[in-house]
Every structure is written in structure tokens, then in C-alpha cells.
Amino acid sequence: MEAVHFYLEQIQKKKQLNAFITVYSDEAIQKARMLDEQRAAGNRPGKLHGVVIGLKDVISYKDHPVTAASHILQSYVAPYNATVVDRLLQEEAIIIGHLNCDEFAMGSTNENSFYGKVLNPIDETRVPGGSSGGSAAAVAANLCMVSLGTDTGGSVRQPANFCGITGFKPTYGRISRHGVIAYASSFDQVGVFGKELGDIALTTEVIAGPDEFDSTTELEPVPQFAREISVSASNWKIGYLQQAFEHKSLDNSMRKEYARFINELKKQGLHVEPVELEYLDLIVPTYYILTTAEASSNLSRYDGIRYGYRAPGDQDLQANYRQTRSSGFGVEVKRRILLGTFVLSSGYNDAYFQKAQAVRKKLIKKTQLIFSEFDAVILPVSPSPAFKSGVKIDDPVSMYLADIYTVYANLAGLPAISLPLFTLGGLPYGLQIMTNRFCELSLFQLSHLLMQQFKSFDNS
Ligand code: GLN
């Protein structure tokens, strides 16, 4: 109960961050009271008993609004729970509200929301990252303990990196997407934000695992991540992605700090070697071709007839579709629907879509080779720390290019994490670690080890 009151008070105090779209204050208080009573009556508490959690506004919570931060879904109410929400509630979590994000999870700064931009709690003149910017800002500013986001091309890891917290994206197929509003279905995964790795591990363990409502989830058993996190394996073989650390887009001070860090790892006796990824410059175009293609298909369902907003007037059906979609979607979403329709159109399909599929295949093959040799791969999360609001919003290409380090994990379906290990001029930035598919346990264990050894690395 105290926890709920504390977070509600913080939410009130830090309203200017604009992290939440809707807060469920009364419900959260009621739920906390009920949980307290059950506990007092001697009931065995659930794994997430009383943990206060925020949901990105693309995750369905029965009888609550969910809008993907889009005008087109205004006043839409979820008719059922996403599987992840069912599982959180079963373990007695308290859902405190829906968090702001980029419209349909498209963006890197949270400036594409119908509900306005989110501010970075560390420096309010800067972006919190995106698309799950509200989820990252809320945890960083103590507005909830844990939050869920989605990661299609970095939307959990990059905002975590900008807000100085930890952000985790699972293997594709580890967590059900049932009830999660789709952006690009072969990339989307639900991810978790927290300040403590243990909280992320526990939440993941609760929401992960096969689901009959999502045929892309796999049968792979889910380890007890939280319990086994501190088991320290030895003989880690870590590859650092050479082209990534050498890439011209990376801030030079960050480059130096990463080099110092890699040396430090070696000094501490870890086995660290360079690993090559010759396709690095191809992955951003590949990602944007494939995700916009998938988005153009996924978003065709918003026609003003079945869901949410409909343009006023009694024009004919075609005109109504056109007006609803023209005024219901924001600029970035329209840009991507157009781009996706273009790359799929006959005559261009071979030149773009098929080529991008081929690159993705090659990348997956290469990834298998890498993980036959290494247990984990490290790389940056973003080329720079959080930048000022407004500086990139009119330059989509430069915005897209900044996704260079995060989209690889999504193209290959790998689990990945962003750990807040460094700072530059008072701004946090992280280290990204990836492991092989379904090797989340070792990802958490290595993260735990590094967080313990290097938490104060930037002060050393
Ligand atoms: N920044 C990326 C994009 O705009 C990532 C989005 C995401 O992961 N949802 O597509």
C-alpha cells in the first residue's frame, strides 16, 4: 500500500515529464488494499506481490484504454488482456497506468506521440529516447518500480540507455505478443525496464514462456532467472564488435571509454576478443525496409470502421477511409506506411524487400557462426548519449541511422540488454550485451557480474 501511495505522489510531482498517458490511481490503491488483506490472512504471496508496474500504451489491459499514442485509437478500450498482463496479474503485480510512447512504437525520441513529448528526467531539455520513452522515464524518475515496453529495433534498450537504467529485450519467441499492438510482427518483442537487474529477471520469468494465443512463442523452458542470476559462470568468451566500436558515428569520448573498459575486462582475466560483422552498414536499411513493409500491412486494419477514431462527415466509404487515415495517423507513421507500401509494390519488391530478406538471412547465418565461438557479444547502445529535444525530429534519416547498434538483435531475434555503466558530461550511457537465442540466463548472469564489478567504473 505504501509503495502505491509513494509512486502516485511521485507521478503527481513529476507530471511535467508526461510519462503517463493514463494513471489508474483508485484501482491501484484498491488492489494494494486487497493484496495487503490477503497477505494478512496468511495467503502465500505471488512472485510479484505488490510490485508496481507501468505498461507501454501498446499493451492491452482489459477494460482500459490503449491507444499506441495515436489519434486513430482514441477512445479505444481493450476487450481482453495481453498474455503478459494476465501473467503479471496472476503473480499479484499492481498495474499503475499506461505509459507514453512514440505513435505505434515508431521513433527514437518519444516526440512522435499524439499525447506530446516525454522529457528525460535526468535533463528535461533532452529526449528520453524511444519509442518506449515513457516506460524508461517512469522507472528512472521513480514513478513505478518496473515497466514494460516493446522493442522492435531498440525501443527498450535505447531509452534505458538515455535515462540511465537497465533495459532488456528477450529472444524473439520468448514472450507472447498476444494483445500487444503490432508494429512489425517478425521483430516486435515485449521488454522490461528496471533499476535492479533482479527485478527485470523476475518480471521476465513471470511473463515469458509459450502461449497458445501466439504461435511464434517457442516451447523452450523458462529458467528461474532471478534465483540463478548470481551464479557466476567462469570462462566467459566475450566478443567485442569491432566495426561497431570503430564506426564513425560513435562519439569519440565514448569510443575511448569503451576501449578503456575492454582493456579493464581483459585485465580482470576475462577472455575478450574482437569479432567481425562486415554487414554493419547494411543493417539499418535492411531494418527499415522490412519493418515498414510489415507495418504497412499491420496498420491497414485502422480504417475508421472497426477501431477508435473515424473522420466526421457522411462521405462515401473510400473518402472516409482516406480522411480517417490522413487525420488519424501522425507524420512519422504515414511516412512509414508509404515507405512500406512502396518497397512491397510490384516492380520494387525484388529491388528492396527481397534483397532485405536476403540480407537478414545472411546476418542470421553469420550470427550462428559468431555464437559457435563466443558466449556473448558486446557493443554500444547508441552513438551518443541523450540529445536535446527537437534537434533530430525533422531529419528522419539521421534519426534512423542512430539505430545502428540496436537493430541487429531484432534482425537476428537475439536477446540483448543495455546496462547503465558509463556517463559523459553528466549524461548516462550503457553497454549492450547480446547472447545466443534463448540464452537469457547467461545474459543476466554476465550482466550481474559486470554490474557488480564495474558499477562505479566511470568514477574509477
Ligand atoms: N527507433 C526504432 C524505430 O523507430 C525502434 C523502434 C522500436 O523498437 N519500436 O523503428
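Everything numeric in this text was worked out from a predicted model, so none of it was measured. Read the numbers this way: they start at 1 and go in the same order the structure lists the ligands and their atoms. Worth knowing before you read on, the calculation uses all heavy atoms, side chains too, and leaves out hydrogens, waters and symmetry mates. Start at 1 with the first residue, then count along the sequence.
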Side-chain contact test, heavy atoms from C-beta onward, threshold under 4.5 Å: evaluate it for Ser113 versus Val118 and give yes or no. no
Holding to side-chain contact (heavy atoms from CB on, under 4.5 Å), I want the full list of residues that pass it with Pro285, two or more places apart in sequence or in another chain. none
side-chain hydrogen bond (donor to acceptor under 3.5 Å, both in side chains) against Glu373, all qualifying residues, sequence neighbours excluded: none
Gap between atom CZ of Phe261 and atom CZ of Phe454 - 0.5 Å precision: 5.0 Å
Keeping to residues at least two apart or across chains, list the side chain to side chain donor-acceptor pair (under 3.5 Å) pairs with something in residues 376-396. Thr125-Lys388
Could you check ligand 1 for N or O atoms lying under 3.5 Å from protein N or O atoms and list the pairs with distances?
| unit_1 | atom_1 | unit_2 | atom_2 | d |
| --- | --- | --- | --- | --- |
| ligand 1 | 1 (N) | Gly107 | O | 3.1 |
| ligand 1 | 1 (N) | Ser108 | OG | 2.8 |
| ligand 1 | 1 (N) | Asp403 | OD1 | 3.4 |
| ligand 1 | 1 (N) | Asp403 | OD2 | 3.1 |
| ligand 1 | 4 (O) | Gly107 | N | 3.0 |
| ligand 1 | 4 (O) | Gly107 | O | 3.4 |
| ligand 1 | 4 (O) | Tyr288 | OH | 3.3 |
| ligand 1 | 4 (O) | Arg336 | NH1 | 3.2 |
| ligand 1 | 4 (O) | Arg336 | NH2 | 2.8 |
| ligand 1 | 8 (O) | Thr152 | N | 2.8 |
| ligand 1 | 8 (O) | Gly153 | N | 2.6 |
| ligand 1 | 8 (O) | Gly154 | N | 3.3 |
| ligand 1 | 8 (O) | Ser155 | N | 3.0 |
| ligand 1 | 8 (O) | Ser155 | OG | 2.6 |
| ligand 1 | 9 (N) | Ala105 | O | 2.8 |
| ligand 1 | 9 (N) | Ser131 | OG | 3.3 |
| ligand 1 | 9 (N) | Ser155 | OG | 2.7 |
| ligand 1 | 10 (O) | Tyr183 | OH | 3.0 |
| ligand 1 | 10 (O) | Tyr287 | OH | 2.7 |
| ligand 1 | 10 (O) | Arg336 | NH1 | 2.8 |

Between Tyr302 and Phe104, is the ring centre distance below 6.0 Å? yes
